[in-house]
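None of the values given here were measured: they were computed from a predicted structure. Numbered from 1 within each chain, the chains take letters A, B, ... in sequence-line order.
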Number of protein chains: 2
Amino acid sequence: MALDHAILVSLHERAASGYDLARRFDASIGYFWPASHQQIYRVLARMQEAGWVESTLQEQDGRPDKKTYAITPDGEAELDRWAAGATGREAIRSDFAVKLRAFRDPEAIALDTRARRADHVARLAAYEASEARFYPNPRALEGNDLGSWLALRGGISTERRGIEWCDEILTALEGRGSR
Amino acid sequence: MALDHAILVSLHERAASGYDLARRFDASIGYFWPASHQQIYRVLARMQEAGWVESTLQEQDGRPDKKTYAITPDGEAELDRWAAGATGREAIRSDFAVKLRAFRDPEAIALDTRARRADHVARLAAYEASEARFYPNPRALEGNDLGSWLALRGGISTERRGIEWCDEILTALEGRGSR
DNA sequence: TTCAGCATGTAATATGTTACATGATTAG
DNA sequence: CTAATCATGTAACATATTACATGCTGAA
């Protein structure tokens, strides 16, 4: 039930509506735990029943009502409980690696690899921009900010390694005549 | 439906029973697409109905009967079709990164990080042993072997980056007084 | 007037995990 | 005698994805 905790972390940082959360998940926290709005609404409902979050309705003029969720003390306690435990090994599920093993169509692989590379480059740029903007002086970081920065560093190294892998694949394919 | 294709790739390499596949998934191909035997049996049944695989019963003395699955021409065609398309971006789901963002208990994080690091080291060693054993001369590789080697290279770089990230986290935590 | 954005959800389907179930053989 | 390995699955539950549904505002 890790989406629960991702949402709790996000609500701990700041109260939000389901819609707001969905947009946050498209950006910051969703880089490490993607989720759609449908999923988020469902989990919010479940957590509200469990007493981990509470909601207040806000009227807005010219807009639909907004249901703002906030984390409760029980929710904070649950976060603590969860944070004290160990996280297991994360499953890697890579269609792309499976496709490499299949190795059916080198041209298609090369094409796919180039697209993936561009993707990694774009995301790396976004991460690096974030880092420069929000964490210009990493040595001074503490607590929550330190954690967020370390998570971002993980993202940066993931993208870099993705680019390197793509380059390795492209080099190997080119060396053997596929363009 | 990527488990389907992972199984097809595996059956293309060699026919196997559900049980055999489950063990393969614990080792080679499962590094990139983990799956339990329960899942595998379910997907095999579905693919047999679709005509992508076929099974033959083998009697064995002193052992339960073995149902050996093989890929059919339709299955091969499906693999081709799938291999020609592009793979989308892979979702990263990392409890650990979420936990870093929560940053509730630095001691617990340090402990967890050390455990993860040990895990990465072990898996890296396994990958490197495979590489030395099965692909001593990468430049000479072609076709299927080249693909498998490139997939393995991806695994190796993933583990290396995991170790580096853990070290970065531990350094940051130590620099601030958590052991 | 059409499309993007705001804001909320339900429903159906697909996929993954955990627990249960059976029964034989072989190694310790 | 006990546990592990071989071999097959079913069932219940949890989670994730895709499609559907509604309705308002503001900008092009």
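- Heavy-atom distances to DNA chain D give each of B:A91 and B:G18 a nearest nucleotide, and the one nearer the 5′ end belongs to B:G18.
- Contact annotation: A:S36 side-chain N/O to D:dA16 OP1/OP2 distance is not under 4.0 Å.
- Here B:R104 pairs with A:E76 in a salt bridge; the nearest charged N to carboxylate O distance falls below 4.0 Å.
- One atom, CZ of B:R46, and another, P of C:dT13, lie 14 Å apart when rounded to the nearest Å.
- The nearest whole Å value for the distance from the CG atom in A:D95 to the C1' atom in C:dA14 is 15 Å.
- A:E90 has its CD atom 17 Å from the P atom of C:dG16, to the nearest Å.
- Here the side chain of B:Y19 is nearest to one of C:dT18, D:dT5, D:dT17, namely D:dT5.
- Ionic pairing of B:R81 and B:E78 is present here: one or more N-O contacts between side-chain nitrogen and carboxylate oxygen are shorter than 4.0 angstrom.
- For the 3.5 Å distance criterion, the side chains of B:D20 and B:S17 qualify, holding a donor opposite an acceptor.
- An OP1 or OP2 oxygen of C:dA14 is reached within less than 4.0 angstrom by no side-chain nitrogen or oxygen of B:R42.
- In this structure, B:I7 atom CD1 and C:dG16 atom C1' are separated by 13 Å, rounded to whole Å.
- Residue B:L44 contributes atom CG, which lies 13 Å from atom C1' of D:dA7 at whole-angstrom precision.
- What separates CD of B:Q38 from P of C:dT15 is a distance of 17 Å, to the nearest Å.
- If you find the closest nucleotide of DNA chain D to B:Y69 and to B:R93, the one lying nearer the 5' end belongs to B:Y69.
- Rounded to a whole Å, the OH atom of B:Y41 is 12 Å from the C1' atom of D:dT10.
- At least one side-chain nitrogen or oxygen of B:R23 sits closer than 4.0 Å to the OP1 or OP2 atom of D:dC6.
- The distance between atom CD1 of A:I40 and atom C1' of C:dG9, rounded to the nearest whole Å, is 13 Å.
- Taking only side-chain atoms of B:H37, from C-beta outward, the nucleotide of D:dG9, C:dG16, C:dA7 with the closest atom is D:dG9.
- Comparing B:A35 and A:S17 by the nucleotide of DNA chain C that holds the closest heavy atom to each, the one mapping nearer the 5' end is A:S17.
- Side chain of B:K66, nearest nucleotide from D:dT8, C:dT8, C:dA12: D:dT8.
- In the model, A:S55 has a side-chain atom that pairs as donor or acceptor with a side-chain atom of A:Q48 under 3.5 Å.
- Here B:R101 pairs with A:E13 in a salt bridge; the nearest charged N to carboxylate O distance falls below 4.0 Å.
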